[in-house]
**Q** 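Before I ask anything, let me first share the structure, which is written out below as structure tokens.
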Amino acid sequence: MVDIFDEVTEELHHDRAVALARRYGGYLLAACVLVLVGVGAQQVWQSRQAARANQAAAQYLALTQDVDQQNAGISADQASTAAKGLADFAAPAPEGYKVLAELRAAGLYAQAGQADQAVALWNQVSADGQADQGLRDIATLLWAESQAGQAPDDVVLGRILPLTGQDNPYHALAREVQALVYLHQGKPDLAKALLQQLSADPTAPDGVRNRAQGLLASLNG
């Protein structure tokens, strides 16, 4: 009798399993298919991203090769043309190359005497939340250097002050701009204090220290 009950129980379990399989098997199969599709899609996406990055690198190098070879010998018209090419390339490019191209284009526009285009690109990079913070800081610094004495002093100081902290790799350059703004505001004492700090700052680039010493000598007459 025990064997019969065991057989009946096993049959009931089997019937229930079959019923469950029929009822939910479609969902389980669909879930498995979705997982496989998701894995496949991720692999395809990664492959396309890699191919896109390689293509962007080749395009960026092609756009900057002539400029690099000519260096300072590039004419204003050539700089402007190269800047436009880089700006056009940047629009659909992957984020890293997009930001590099925008910074390079801004520098070329400035070299060509087209300050408005340069300022617009520096502002664009500075406000790009997807960009590397170091590149955003560079854009802010370049904007401030170009706008010291041009834009309102409080606006320039407001944007440059966050970069003046000792832990920022560009703090010396930022403090140099800060000193120039103080001079423009007619605050030579504040400017001198900063310049003295810069002239004695071992972490500051040689050019910054030399310029600080030169300005101090000029201010002290």
Side-chain angles (χ1 to χ4, degrees), residues 64 67-68 70-74 76 79 82-83 86 90 95-96 98-221:
T64 57
V67 175
D68 291 337
Q70 295 180 70
N71 292 322
I74 190 171
L86 283 164
E95 183 64 27
K98 170 180 177 289
V99 175
L100 289 175
E102 287 171 341
L103 286 173
R104 195 66 188 278
L108 287 166
Y109 274 133
Q111 189 173 345
Q114 296 176 272
D116 290 345
Q117 288 89 332
V119 166
L121 284 172
W122 284 324
N123 281 329
Q124 188 169 311
V125 173
S126 180
D128 186 350
Q130 300 300 314
D132 176 81
Q133 186 60 52
L135 296 178
R136 294 176 66 184
D137 287 350
I138 289 173
T140 299
L141 180 60
L142 292 170
W143 174 88
E145 286 180 339
S146 73
Q147 293 302 293
Q150 302 293 325
D153 293 328
D154 58 338
V155 174
V156 178
L157 286 176
R159 292 186 61 176
I160 205 71
L161 282 176
L163 308 186
T164 59
Q166 190 68 30
D167 58 339
N168 190 290
Y170 311 115
H171 70 273
L173 291 166
R175 290 175 185 176
E176 182 179 29
V177 175
Q178 185 183 7
L180 293 177
V181 174
Y182 284 151
L183 287 175
H184 188 258
Q185 288 181 319
K187 300 176 180 178
D189 291 341
L190 291 178
K192 285 181 182 180
L194 275 175
L195 293 170
Q196 287 170 350
Q197 290 176 13
L198 287 173
S199 65
D201 184 354
T203 67
D206 290 342
V208 173
R209 289 203 303 271
N210 291 336
R211 288 193 297 272
Q213 292 168 0
L215 277 172
L216 277 173
S218 176
L219 290 171
N220 291 328

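Just the heavy atoms: all of them, side chains too, but no hydrogens, waters or symmetry mates, feed the values below.
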**Q** Give me each pair satisfying salt bridge (charged side-chain N to carboxylate O under 4.0 Å, His left out) with a member in residues 155-164, each pair once, sequence neighbours excluded.
**A**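 As it turns out, there is no salt bridge (charged side-chain N to carboxylate O under 4.0 Å, His left out) pair with a partner in residues 155-164 once direct neighbours are skipped.
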**Q** How long is the gap from CG on L86 to OH on Y109, to the nearest 0.5 Å?
**A**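 So the gap between those two atoms works out to 9.0 Å.
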**Q** Please enumerate all residues that pass salt bridge (Lys or Arg N to Asp or Glu O under 4.0 Å) together with R136, with sequence neighbours excluded.
**A**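 With sequence neighbours excluded, R136 shows a salt bridge (Lys or Arg N to Asp or Glu O under 4.0 Å) to no residue whatsoever.
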**Q** Using the test side chain to side chain donor-acceptor pair (under 3.5 Å), find all partners of N210 that sit at least two apart in sequence or belong to another chain.
**A**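 N210 satisfies side chain to side chain donor-acceptor pair (under 3.5 Å) with no residue once adjacent residues are dropped.
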**Q** Nearest heavy-atom pair of A110 and A118: which atoms, and what distance?
**A**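 It is N-CB, 3.8 Å.
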**Q** If every non-hydrogen atom of G165 is compared with every non-hydrogen atom of R175, which pair is closest and at what distance?
**A**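 Looks like C-NH2, 4.1 Å.
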**Q** Under the salt bridge (charged side-chain N to carboxylate O under 4.0 Å, His left out) rule, what pairs show up with a residue in residues 106-118, not counting sequence neighbours?
**A**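 Every pair satisfying salt bridge (charged side-chain N to carboxylate O under 4.0 Å, His left out) with a residue in residues 106-118: there are none.
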**Q** How far apart are the closest heavy atoms of T164 and A174, and which atoms are they?
**A**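 For T164 and A174, the tightest heavy-atom pair comes out as CG2-CB, 3.8 Å.
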**Q** Which pairs pass salt bridge (charged side-chain N to carboxylate O under 4.0 Å, His left out) with one or both residues in residues 199-221, sequence neighbours excluded?
**A** E176-R211, D206-R209
**Q** Restricting to non-hydrogen atoms, name the atom on A212 and the atom on L198 that form the minimum distance, rounded to 0.1 Å.
**A**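 Closest pair (atom of A212, atom of L198, distance): CB-CB, 3.9 Å.
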**Q** Return a table of donor-acceptor pairs under 3.5 angstrom between the side chains of residues 184-196 and protein atoms on other chains or two or more places apart.
**A**
unit_1	atom_1	unit_2	atom_2	d
H184	ND1	D153	OD1	3.0
H184	ND1	D153	OD2	3.0
K192	NZ	N220	OD1	3.4

**Q** Residues in side-chain contact (heavy atoms from CB on, under 4.5 Å) with P202, at least two apart?
**A** none
**Q** Check step by step if side chain to side chain contact (heavy atoms under 4.5 Å, CB included) holds for W122 and L141.
**A** CA-CA 9 Å; W122 284 324; L141 180 60; over 6 Å; no
**Q** Quick one: closest heavy-atom pair of A148 and V177, and the distance?
**A** CB-CG1, 4.4 Å
**Q** Using 0.5 Å steps for rounding, measure from the CG atom of L121 to the CG atom of L142.
**A**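 Atom-to-atom, L121:CG and L142:CG are 11.5 Å apart.
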**Q** Give me each pair satisfying salt bridge (charged side-chain N to carboxylate O under 4.0 Å, His left out) with a member in residues 137-152, each pair once, sequence neighbours excluded.
**A**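 Output for this query is empty, none listed.
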**Q** So, taking the atom named OG1 in T140 and the one named CG in L161, what distance separates them when rounded to the nearest 0.5 Å?
**A**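 Spacing of OG1 (T140) from CG (L161) equals 12.0 Å.
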**Q** Please find the pair of heavy atoms, one from V125 and one from L135, that lie closest to each other, and give the distance.
**A**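 So the two residues come closest at CG1-O, 3.9 Å.
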**Q** Using a 4.5 Å cut-off on heavy atoms from C-beta on, say whether the side chain of D128 contacts that of V99.
**A**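 They are in contact (side-chain heavy atoms under 4.5 Å apart), so the answer is yes.
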**Q** Tell me, yes or no, whether the heavy-atom count around Q130 atom CD, taken from other residues, nucleotides or ligands under 6.0 Å, exceeds 12.
**A**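 Atom CD in Q130 is not crowded, with 12 or fewer foreign heavy atoms closer than 6.0 Å.
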**Q** Residues two or more places apart in sequence or in another chain: which of them pass side chain to side chain donor-acceptor pair (under 3.5 Å) with Y182?
**A** Q178
**Q** Applying side chain to side chain donor-acceptor pair (under 3.5 Å), name anything that partners D132, two or more places apart in sequence or on another chain.
**A** none
**Q** Tell me, please, which residues at least two apart from A151 pass side-chain contact (heavy atoms from CB on, under 4.5 Å).
**A** W143, Q147, V156
**Q** Tell me every residue that passes side chain to side chain donor-acceptor pair (under 3.5 Å) with Q114, counting only those two or more places apart in sequence or in another chain.
**A** S80
